[in-house]
Each structure stands twice: as structure tokens, then as C-alpha cells.
Protein chains: 2
Amino acid sequence: MLKYSTAYFYTMIKVAVVEDLDDYRNGLVNLINWTDGYECTGAYATAEEAIKELPALKPDVALIDISLPGKSGIELVEYIHQNISSILCMMCTAYDEDEKVFKALQAGAYGYLLKTTSPADIMNAVQQLVNGGAPMSSDVARKVIASFQSPKKNNETENLTAREKQVLELLSKGLLYKEIAFQLSISIDTVKRHCFNIYEKLHVSNRTEAINKYHQH
Amino acid sequence: MLKYSTAYFYTMIKVAVVEDLDDYRNGLVNLINWTDGYECTGAYATAEEAIKELPALKPDVALIDISLPGKSGIELVEYIHQNISSILCMMCTAYDEDEKVFKALQAGAYGYLLKTTSPADIMNAVQQLVNGGAPMSSDVARKVIASFQSPKKNNETENLTAREKQVLELLSKGLLYKEIAFQLSISIDTVKRHCFNIYEKLHVSNRTEAINKYHQH
DNA sequence: TTTACAATAGCACTTTTGTGGTAGAAACCC
DNA sequence: GGGTTTCTACCACAAAAGTGCTATTGTAAA
């Protein structure tokens, strides 16, 4: 490797692999090391092993099997996303695991590969990931979008007057009546009145329920 | 059209176009009508015109320019998503409008086209949309995923015991102390105690603030 | 010009919350 | 075994929230 320039070495993209099937894991490791500009800095059969070493190695990318024995790939992604967020996670999955893929993305992955993907396409996907993309199939993308779209607004909150919405907004920040009164330069009793009206309009009976309706969830 | 079989007619995918540039709009209309299996059921220069006719026509797909004069394409998507949710919206956009595209997706679109896209690829994208996909570029997909991923959990909430988390969960639903007590089969005073401890650990002083910390925001 | 509604405010009262103290039983860790 | 933490529970009190009245003002709609 050092035969080539050291400058080249420094731009190497470091990839780790977490996969329980020995053959597939070794295949990935070889593929990565054989590809110009990439090096495999770690290969693990379980999430537990990976968690021990990844924090020190900090690879750029981690290829993670979605269904690892023991601690699952999804749990591993969650751990990495929460604790070593510089690592970009890509899931490796068999067919028909849409639900799992979705959960993995939610947990912190940015893409996934089918295990049937060709070596060239695997490295394309990794490259895409590093370049700020999110390699995934179109139907998974649709699911992701659907879940991120703002939920349909409840008509009920639209019945609120501007002032009531303002009060509700402050209410949702956890302010007391007297604090809201101070902020809006009105009396506590008026704030109470607004809240009372808000609760009636939203058909709820306390601030928490009102806030929940307001935030839709 | 009816020259061909009527069965064929019934499976036609209906596409509407909302685009202010006459040439581009007409180009899309022709492209759609020339493509087997598709028909254009409406072409509008503004969102306002579209809103008048779309509820009755209910096309399968709407191609919408993202920056329409007057009511924007994003507002139109929002309207459609809220009111005629059977229509799949795809945005048409020039370059460098990532932010707008992102907002359009959030408002209810499921994909987007660059205006430089070739006729064949446009119809591919429409097909993808109808088949449950979400045609978009990889970097927009990444943005979408990033915003949908569960935010990093606050360390503070991790200090809570299992029971405290359970209480906080119920608290966040708007339940009263006595309701929580009933659900957990413990006394009201114990619930109060748990809440008191929760507030201390989270450094807050009422349920709303605790819930806000819990939900991270 | 009525009518309707929004915003304001006060008062009285009940219920719910939040704070403080104490304390026993069970589980877990050195 | 001894120490620590967690869950449980009771009491008392202060603070805040919620409910039910009434009432004035300004503004917008019919």
C-alpha cells in the first residue's frame, strides 16, 4: 500500500464490516481492500465485538448485517449513531426485510445493500454514502418519506384564534400561567380564560393533552 | 384512444400538470399523452386553477412546478396532501432547490424531477411513483432520512430508572396522578414521588418541561 | 345597526400538582 | 453482612391549574 504515495494513504476511506457469516464477511473485506482508495480497518462477527473496537478505530463507514446473532444490527447502529456519530452506517440485508431496514434507518443508518448486490455496486453504494448520498431502494425511500411528512393537521387546532394559538405555544414550552401573563402583558385570569377556551375547543381537559393535540402525535 | 380496447382505457394512469411556463407545460402534456398507458387529464398554469379542478378529476399523479407564481407549488402539494390524498404529487424543479424540494416532500410530495430530465426518464419516474417508489436524488434522500431519524437521546433521561421512565411515559400522555396510580397499581403518593424524582434528575420543575426533555426538541 | 365574537379581567372555589419530610421492604453489589 | 439503590407509602402544606360565574371593550360581520 505504501508503495503508492503517502498522500494517497491519507485519503483512504476506512470501512469496517460487521457480519456473522464468515464467507460473506471475508468477501466484503477482500472487496474493500482490493478497491483503490478503500481499506478495511476491522471485521467483526458480532455487534458486541464491534462495539469494543469501533470507538478507537473510528472508520468512515460501517457495513452492518441487519440480523446479527445476539445484539442485532439495528441495536448496533443505534449505539454508533448515539456515540460515534462520525461513522456512516450502511445495512446489509436479505430480501423482504423492509420493516427492519426502516427501523435501521430510523436508528441511524443512511443506506442499505441487498446481499445480492454485485461487488461493483456495493462499492458504488459506499462511495455514494461517503459523498453525502443515501443508497436505498425506491420503495424504502417512499416509506421513509411517508413517515417524515407532517401528519395531516387536525381541524380542531384550526378553530383556535391567533391569541389562543399564541397562548398554547407558550403553554407547550412549560411556562406557568403567571409567566405567560407576564410575557403577553395580560392578567393571569385572562390566561386562564384562554386556556379554558383552548381546552374546550380541543376537547381536552389539561395542558398536556392540549399540547399533545397541538403537536399531533 | 378508444380505437384501442376499452379495457386498456380503464387502466390508464391519469396525470395532471401544474406549471406556469407554457412551453414546458405543453411539452409535458404531449409527452404524457403520447406515452402508452398514460393520459393527461388537466394542465394548469397556477395552483389556484388546479385547486378548482383537481378535487373533481382526481388524477393519479400531479406533476407540479415547485415555484409557481402566486400560491407556490409547495402550498399546492400541502393542499392536495391534506384534502385529496389519493393524488401522488411529484415536484418539477430547477437545480439547487434542495431546501424547497425538502419542504415539498415534507408537505406531501413523494418525489421530484429536475427540469433537465429526459422525457423517457420523466415517464420512468412517474411509473416509479405509481409503483410505490419515491424518485429523487441520493442527497435529498439523505436529508430526508437525517430529519426523520430519532434525535440523539439526552443523557439526562438515561439516568431515569425503568419505573421512572414508565411514569414519564404515562405522564406524557396527559394522565393525572391518580390515573397513573391506577394503571400501575400503586398509590398516588408513590406516583408523586416518582415524578418528583424525575423532575430532579431532569432539572425541571413541572410535567410539561419534563415531557419536553423526554421528547427532545 | 344589531349581532357575534374576541380579548380582556375579576372573583370564588375545587382539584391537581409540586415540595418537603420520613420510612419500610426488596434487590443488588461489594 | 453491610451498604446502596429502587420502589413503595403516608402525611402536610404551598403553589398552580382548572371550573364556573359575570362583565366591559373593541371589532368585524350580517
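Lettering follows sequence order; numbering is per chain, from 1.
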* Asked: What nucleotide among C/dC11, C/dA7, C/dG20 has an atom nearest to a side-chain atom of A/R163?
  -> C/dA7
* Look at B/T190 and D/dC7 and indicate whether a side-chain polar atom (N or O) is within less than 4.0 Å of OP1 or OP2. => no
* Quickly work out the A/L184 CG to C/dA6 P distance and round it to whole Å. => 17 Å
* **A/F196 CZ to C/dT8 P, straight-line distance once rounded to whole Å** => 17 Å
* Asked: D/dA16 P sits how many Å from B/L176 CG, rounded?
  -> 19 Å
* Using only side-chain N and O atoms of B/T161, determine if any of them is under 4.0 Å from OP1 or OP2 of D/dT5. => no
* A/D65/A/R25 under salt bridge (charged side-chain N to carboxylate O under 4.0 Å, His left out): CA gap, chis, key distance, verdict -> CA-CA 9 Å; A/D65 186 284; A/R25 183 180 65 249; over 6 Å; no
* Using only heavy-atom distances, determine whether the side chains of A/Y44 and A/E19 contain a donor-acceptor pair under 3.5 Å. => no
* Asked: What does A/N206 touch in the nucleic acid at a heavy-atom separation under 4.0 angstrom: a base, only the sugar-phosphate, or nothing?
  -> sugar-phosphate
* **B/K192 vs C/dT17: side-chain N/O to OP1/OP2 distance below 4.0 Å** => no
* Within this structure, what is the CG-to-P distance between B/D189 and C/dA23, rounded to whole angstrom? -> 16 Å
* **Gap between atoms CD1 and P, on A/I198 and D/dT19 respectively (whole Å)** => 12 Å
* **B/E169 versus B/Y214, side-chain donor and acceptor atoms under 3.5 Å** => yes
* **Shortest side-chain distance from A/S187, nucleotide among C/dA9, C/dG18, D/dC7** => C/dA9
* Spacing of A/L202 atom CG relative to D/dG18 atom C1', expressed in whole Å -> 15 Å
* **N or O in side chain of B/Y177 less than 4.0 angstrom from C/dG18 OP1/OP2** => yes
* Structure fact -> Of the listed C/dA9, C/dA7, D/dA9, the closest approach to the A/E164 side chain comes from C/dA7
* Check: C/dG18 base within 3.5 Å donor-acceptor of B/R193 side chain -> no
* Will you find, in the side chains of A/Q127 and A/Y38, an N or O donor that is under 3.5 Å from an N or O acceptor? -> yes
* Structure fact -> Contacts of A/C195 and B/I188 projected onto DNA chain D by closest heavy atom; the upstream (5') one is B/I188
* **Selection from D/dT19, D/dC7, D/dA16 that lies nearest to any side-chain heavy atom of B/H194** => D/dC7
* Around atom OH of A/Y24, are there more than 12 heavy atoms of other residues, nucleotides or ligands at under 6.0 Å? -> yes
* Asked: Taking atom C1' of C/dA6 as reference, at what distance in whole Å does atom CD1 of A/I186 sit?
  -> 12 Å
